[in-house]
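We number each residue from 1, following the sequence as shown. Counting starts at 1 for both ligands and their atoms, following the listed order. Since the structure is predicted, the reported quantities are computational estimates derived from the model, not experimental observations.
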Amino acid sequence: MASAAYDIAVIGAGPAGMAAALYARIKRLETVVISKDVGGQMLYGPAIGNYLGFEAIPSAELIMRMRTQMEAHGPTVVEGNAATKVERKGRGFIVSAGHDTYQVKAVIIATGKVPRRLGVPGERELVGKGVTYCTTCDGPLFKGKQVAVVGSGMSAIYAALHLLRIASHVFLLSDYALMGEPHLIGDLGKAANVTVIESAQVTSINGDGKVESVTIHYGDDTQEIKVDGVFVETGWKPVSDLIRGLKLNKDQEIVIDKSHMTSVPGVFAAGDVTMVAEKQILIAASEGARSAMQAFRWLLDNRRL
Ligand SMILES: Cc1cc2nc3c(=O)[nH]c(=O)nc-3n(C[C@H](O)[C@H](O)[C@H](O)COP(=O)(O)OP(=O)(O)OC[C@H]3O[C@@H](n4cnc5c(N)ncnc54)[C@H](O)[C@@H]3O)c2cc1C
């Protein structure tokens, strides 16, 4: 168990967190970045076509460029560790991550969003063994195989339209009527290798070491469908539960004011985890930068430096 003191902790190293850390270091704040991974949601797609300065760039390269620039300014980067708790202590905060704790004067939460899980038996055990949350990343692995897409919104519809070009057969399992562009739903209806089952509740994902089938419940019927892959496309949720007392909106996003301060003084937030509309890399990065500059001002104004 280790303990260390810094001016500021940035939690999360997606574009918001990396930009926040870069700007915190530009302001000469002693900075620790604690993140499960470096890249965040950018890890889920192959390429980015709308980041200013690059007409199109592989995601891995954009992540590497952001990371190199951030690290050149010298923050401490704790990668592969999840922050579990942020607590007030005296005039600052204690951030816990695994067995380690970090004593800091301010915090920037840049934890973004994670895919919603189905929460059914077999899902957790078979992640990476046929259960996936990223069609763009993992779709090509299922060439010629039978797959299920679970979800009822546009991301599920796009996933099925993508996979029907790769897989031998796609089962689109929707717990409600599909919600999306009628012409795209129509395209699914016309595809010979797609079966849409509405009002289907997935009750388990089955397999010994790899996905072999899904069990669904619809009407009074229970059915087991043989598949090699399950693409969970049920949306994303913000990671906004690290600190008690944070004001959230109805979508569980962190409410911030115009200086990126949350309802807890000294705790700032940036990127997809906040209520700011439009979730994009460019927007998250600029918000991360702004949150660090505002945190610096707050630390000065409140005589914490
Ligand atoms: C498949 C896909 C394709 C996309 N394509 C584009 C695109 O082409 N162009 C575009 O502009 N946007 C795109 N987006 C959206 C864009 O990726 C996000 O808006 C952006 O990444 C948000 O950045 P963020 O830093 O706020 O959060 P995230 O990228 O979600 O990063 C959050 C970070 O916090 C870490 N974290 C979470 N919880 C903890 C914890 N408890 N402790 C420590 N670390 C934690 C995560 O591991 C991650 O590193 C895409 C998103 C997806 C899913």
Side-chain angles (χ1 to χ4, degrees), residues 9-23 32-63 66-67 70 76-86 95-98 100-102 104 107-116 132-139 151 153-156 158-159 162 231-243 246 252-254 256 260 267-292:
V10 176
I11 306 178
M18 286 195 270
L22 172 67
Y23 273 76
V32 61
V33 183
I34 304 158
S35 193
K36 289 199 257 190
D37 58 53
V38 173
Q41 290 170 61
M42 292 186 291
L43 293 163
Y44 284 84
I48 309 295
N50 56 359
Y51 194 78
L52 193 65
F54 301 98
E55 224 149 80
I57 181 166
S59 306
E61 187 183 337
L62 185 58
I63 293 169
M66 287 182 177
R67 178 180 192 144
M70 170 187 72
T76 300
V77 179
V78 181
E79 187 181 352
N81 210 355
T84 45
K85 202 164 48 173
V86 177
V95 180
S96 304
D100 302 331
T101 56
Y102 303 87
V104 296
V107 178
I108 296 175
I109 299 180
T111 43
K113 292 193 167 186
V114 289
R116 280 183 205 282
T132 165
Y133 302 87
C134 181
T135 305
T136 311
C137 327
D138 296 334
M154 281 305 291
S155 53
Y158 278 127
H162 176 188
F231 290 78
V232 180
E233 290 285 353
T234 48
W236 291 67
K237 62 172 186 183
V239 184
S240 53
D241 57 357
L242 280 180
I243 176 164
L246 273 193
Q252 302 302 302
E253 296 165 332
I254 299 174
I256 52 171
H260 282 265
V267 177
F268 297 77
D272 279 17
V273 74
T274 73
M275 90 286 199
V276 171
E278 315 306 352
K279 311 300 189 192
Q280 290 283 283
I281 297 164
L282 188 57
I283 293 168
S286 71
E287 295 222 325
R290 184 139 34 96
S291 68

Does the side chain of V114 reach to within under 4.5 Å of the side chain of K237, using non-hydrogen atoms? yes
Taking side chain as C-beta onward, heavy atoms only, is K279 less than 4.5 Å from W236? no
Where do [X] and [Y] come nearest, in terms of heavy atoms and distance?
X: D37; Y: A13; answer: O-CB, 3.6 Å
X: I34; Y: A97; answer: CG2-CB, 3.9 Å
X: A16; Y: G271; answer: CB-CA, 3.8 Å
X: A269; Y: I256; answer: CB-CG2, 3.8 Å

For [atom], closest protein heavy-atom neighbour:
atom: atom 47 (O) of ligand 1; value: D37 OD2, 3.0 Å
atom: atom 25 (O) of ligand 1; value: A16 N, 3.0 Å
atom: atom 44 (N) of ligand 1; value: K36 N, 3.2 Å
atom: atom 5 (N) of ligand 1; value: I48 CD1, 4.7 Å
atom: atom 37 (C) of ligand 1; value: T111 O, 3.3 Å

Report yes if some N/O of [X] lies less than 3.5 Å from some N/O of ligand 1; otherwise report no.
X: A83; answer: yes
X: Y44; answer: no
X: A82; answer: no
X: I281; answer: yes

For the [atom1] atom of [X] and the [atom2] atom of [Y], what is their distance to the nearest 0.5 Å?
X: I281; Y: L52; atom1: CD1; atom2: CG; answer: 12.5 Å
X: T274; Y: F268; atom1: OG1; atom2: CZ; answer: 14.0 Å
X: D272; Y: E278; atom1: CG; atom2: CD; answer: 10.5 Å
X: T234; Y: Y133; atom1: OG1; atom2: OH; answer: 8.0 Å
X: T111; Y: I11; atom1: OG1; atom2: CD1; answer: 7.5 Å
X: I254; Y: L246; atom1: CD1; atom2: CG; answer: 5.0 Å

Any non-hydrogen protein atom below 4.0 Å of [atom]?
atom: atom 50 (C) of ligand 1; value: no
atom: atom 53 (C) of ligand 1; value: yes
atom: atom 35 (C) of ligand 1; value: yes
atom: atom 14 (N) of ligand 1; value: no

Between [X] and [Y] (side chain of the first, backbone of the second, donor and acceptor by atom type, cut-off under 3.5 Å), is there such a pair?
X: T84; Y: S96; result: yes
X: E287; Y: A270; result: no
X: S291; Y: H260; result: no
X: T101; Y: V95; result: no

Closer than 4.0 angstrom: is that true for some heavy atom of [X] and an atom of ligand 1?
X: S35; answer: yes
X: W236; answer: yes
X: N81; answer: yes

Which of the atoms of ligand 1 are close to [X], meaning less than 4.0 Å from one of its heavy atoms?
X: N50; result: 7 (C), 8 (O), 9 (N), 10 (C), 11 (O)
X: I34; result: 43 (C), 44 (N)
X: G112; result: 27 (O), 28 (P), 30 (O), 32 (C)
X: A284; result: 22 (C), 23 (O), 26 (O)
X: I11; result: 42 (N), 43 (C)
X: G271; result: 26 (O)
X: V239; result: 38 (N)

Looking at V107, V32, V86, which hits side chain to side chain contact (heavy atoms under 4.5 Å, CB included) with Y102? V32
When you look for heavy atoms under 4.0 Å from ligand 1, do you find them on the side chain of [X], its backbone, both, or neither?
X: K113; value: backbone
X: T136; value: neither
X: A110; value: backbone

Pick from [options]: the one approaching [atom] most closely through a non-hydrogen atom:
atom: atom 21 (O) of ligand 1; options: G14, P15, G40; result: P15
atom: atom 30 (O) of ligand 1; options: Q41, K279, K85; result: Q41
atom: atom 18 (C) of ligand 1; options: T274, V273, D272; result: D272

